[in-house]
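Let me begin by presenting the structure, written as structure tokens, before commenting on it.
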Amino acid sequence: KAGVTQTPRYLIKTRGQQVTLSCSPISGHRSVSWYQQTPGQGLQFLFEYFSETQRNKGNFPGRFSGRQFSNSRSEMNVSTLELGDSALYLCASSFGGSGYTEAFFGQGTRLTVV
Amino acid sequence: GESVGLHLPTLSVQEGDNSIINCAYSNSASDYFIWYKQESGKGPQFIIDIRSNMDKRQGQRVTVLLNKTVKHLSLQIAATQPGDSAVYFCAETGGGSNYKLTFGKGTLLTVNP
């Protein structure tokens, strides 16, 4: 079956702009989690959605937001971009939620803020 | 302050040798542990998981050992192959309604042919 699909793969944005990233989970999976990966901080949890509800949120500023649709697809949005937001943004899909069932990651969206 | 890159522990082995990658975790409430492999330009790939009611679990060429007393996790790869070269991360999640994975810093494994 198809894996986790993230779009776009690469993105270049200017400081102050906003960006929306998309994640389509594996069919039948209802949980989608988002992570930020940087050389300085490693992999850090952003938030997790299950059946359109946010169940957990990491320690990121309010500029980072997300949502999940009824078909389990998820989007994350970053407003007022800063240079430090440059990172690989990863989405993970699981049936019941990371920590309960196996989580599968997409290839990520590489965001560069200039 | 200035951010610096993570200094990844590295492990270099010869093809065919066994590899052992270690990970320490800090949350004694963690009850689910996973090893991921990440190749350059790709997302983390699930390798094997283990729950806190077990101390050992085997997969194909991989074994995970969990020592809850010292909060230590290890991944053993048998007959390491060049295709195993990647960064390996351990991840943990706490008990109860946590729903997030906390990742270790990762170990860069290089397999020399």
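First the proteins, then the strands, lettered A, B, ... as listed; each starts at 1.
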Is a side-chain donor-acceptor pair under 3.5 Å present for [Y] with [X]?
{"X": "B:Asp84", "Y": "B:Ser19", "answer": "no"}
{"X": "B:Asp17", "Y": "B:Thr80", "answer": "no"}
{"X": "A:Arg63", "Y": "A:Thr80", "answer": "no"}

Requested in this report: Name the region of A:Arg110, side chain, backbone, both or neither, that has any atom closer than 4.5 Å to a heavy atom of chain B.
Outcome: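 When you check distances to chain B, no heavy atom of A:Arg110 falls under 4.5 Å.
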Query - Contacting moiety of A:Leu46, where chain B heavy atoms sit under 4.5 Å - result: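 Interface part for A:Leu46: neither.
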Report task. Check each atom of B:Tyr36 against the heavy atoms of chain A and say whether the ones under 4.5 Å are side chain, backbone, both or neither. Result ->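 Answer is side chain: those atoms of B:Tyr36 sit under 4.5 Å from chain A.
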Requested in this report: Please flag which part of B:Gln38 lies under 4.5 Å from any non-hydrogen atom of chain A: side chain, backbone, both or neither.
Outcome: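 For B:Gln38, the contact with chain A is made by the side chain alone.
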Query raised in the report: Would you say A:Gln37's side chain and A:Tyr89's backbone share a donor-acceptor pair under 3.5 angstrom?
Result: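 Answer holds: no.
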